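Heads up, the thing below is written out as structure tokens.
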There are 2 protein chains.
Amino acid sequence: MCGVVEDADLTRLSEMAVECEVAAGTAFIEEGQAADTFFNVTAGTARLIKSLPDGRRQIIGFAGVGHFLGLAVSDIYAFGAEALGPMRLCRFSRAGLRQLLDEFPVMEQRLLAVARDELVAAQEQMLLLGRKTARERLASFLLAYPRAASCPARTEDVISLPMTRADIADYLGLTVETVSRTLTRLRTGRVIAVPSAAMILIRDRATLASIAAGEV
Amino acid sequence: MCGVVEDADLTRLSEMAVECEVAAGTAFIEEGQAADTFFNVTAGTARLIKSLPDGRRQIIGFAGVGHFLGLAVSDIYAFGAEALGPMRLCRFSRAGLRQLLDEFPVMEQRLLAVARDELVAAQEQMLLLGRKTARERLASFLLAYPRAASCPARTEDVISLPMTRADIADYLGLTVETVSRTLTRLRTGRVIAVPSAAMILIRDRATLASIAAGEV
DNA sequence: TCGGGGCATTGATCCAGATCATGGCGGCCT
DNA sequence: AGGCCGCCATGATCTGGATCAATGCCCCGA
């Protein structure tokens, strides 16, 4: 689970934290390992991954600045986390969380609100993964990602993607090839522009929204 | 969002509730409508549905006895709910919830725990919908459904299904035909038995678990 | 400036599961 | 008891996206 808290609490939190940096690509949470610590992202973005034994992987989300990671339900991490690029993290013990929650009861409400938001997002993603076409998935992603990411793009219609095509594919339940082809078709259809691989411009938001909703 | 609370709170809750019955098939929560009330299931099971404009639907979960429904994040229901069979419900105003939470601060913690459990389940379902084959999806469903449902089957290996094949299909992101064929193959392979359409026996749990994990 | 390695794109072919079509069964209502 | 209707099973065919296979491009380091 991950989420955002207010600055006031973050200050108090930081007193209990150990700051650390991780290099690009580092897997700093491993699915199935003992969940003794949790993290707050202070710089960079992580991909959150669930895997099958044969290597198939599903990215269940991306965690940007401010998000909490590793607040597992059980004693074991339900998913892994890997740095998309260089990251900065604050590391806490789970005991520290209990202490903080006792100190700031309002935190409980905040965590609940965050969990609900994530649940809503997860339910939307189930609809996407279960019933949408590749084209609809990409359109939905391009519309929803900027909101989900903590650092929105420079303008409304410029999307800066810190992840690779393979990550997008694993997030949308597709293959790299299909993501690439589908983006090309959206580009050909003048719905988006792709000045560089990591940057996408929305040229026709209304059409993109229609596609995302399955109306085209 | 839905979940289970303790008897003590349920007693207090019931003082604020309006009991009501709904017939099989009734859509008692409509996706997109104003979320002014919420419900607690006291008998029966509901399917929770998200739909696309053209009629495609994804069932995001099943809510059995004890589950809360309609605790929307926004003022609008994020998904609909329909009775699988005749149901009994307790109806509350959202104002009543605020009142209850103030009265029992511990409720907040409970709701958080419930939301987390559902989030974990939702993430597991994302892996299923994004990356598993039809066979793996059915195996996972047969193993996970009895735990998710509040009323477990008579014995460990007997699963009683209150929903149709179409519901299972919409839950697993498949078609009715694929669900039917896949169950037939599992039956032929002696992994399960299907004495009647609504009842499934697990004959080889170990194999079913291997299939669900993607090892076969 | 050049070379190499990791992305990304694009093309050709394949296949799991969707779609289309039919028949059978079981429960329920009259 | 009979008939009807909704659900389930199964067969035939189709197809969106996966898989297999090159090639291109960009960035970075020496």
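Side chains are part of it too, since the values below use all heavy atoms of this structure and drop only hydrogens, waters and symmetry mates. In the text below, chain A, chain B and the rest are named by the order of the sequence lines, each starting its count at 1. Because the structure is a prediction, the values reported are computed rather than measured.
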For atom CD of Glu136(B) and atom P of dA16(C), their distance in whole Å: 12 Å

Sugar-phosphate, base or nothing in reach of Gly173(A), heavy atoms under 4.0 Å: sugar-phosphate

Glu177(A) side-chain proximity, nearest of dA8(C), dA18(D), dG11(C): dG11(C)

Distance below 4.0 Å between Arg181(B) side-chain N/O and dG17(C) OP1 or OP2: no

Value in whole Å for how far the P atom of dA8(C) lies from CG of Leu174(A): 15 Å

Sugar-phosphate, base or nothing in reach of Ser180(A), heavy atoms under 4.0 Å: base

Contact under 4.0 Å: Thr178(B) side-chain N or O vs dA18(C) OP1/OP2: yes

Between C1' of dG17(C) and CG of Leu128(B), the distance in whole Å: 15 Å

Residue-phosphate contact under 4.0 Å: Thr184(B) side-chain N/O, dA9(D) OP1/OP2: no

Touch class at under 4.0 angstrom, heavy-atom based, for Thr175(A) against every strand present: base

Nearest-Å distance for atom pair CZ/C1', residues Arg165(A) and dA8(C): 7 Å

More than 12 heavy atoms of other groups within 6.0 Å of Arg56(A) CZ: yes

Gap between atoms CG and P, on Leu161(B) and dC7(D) respectively (whole Å): 15 Å

Value in whole Å for how far the P atom of dA18(D) lies from NZ of Lys132(B): 18 Å

Tyr171(A) side chain near Arg137(A) side chain, heavy-atom distance below 4.5 Å: no

Contact check, side chains of Leu127(A) and Phe79(B), non-hydrogen atoms, under 4.5 Å: no

Length of the CD1-C1' vector between Ile200(A) and dT9(C), whole Å: 14 Å

Atom CZ of Arg94(A) with >12 non-hydrogen neighbours under 6.0 angstrom: yes

Rounded distance (Å) that lies between atom P of dA18(C) and atom CZ of Arg135(B): 16 Å

Side chain to side chain, Asp204(A) and Leu208(A), heavy atoms closer than 4.5 Å: no

Residue-phosphate contact under 4.0 Å: Ser196(B) side-chain N/O, dG26(C) OP1/OP2: no

Closest-nucleotide 5' rank along DNA chain C - winner of Arg187(A) and Arg131(A): Arg187(A)

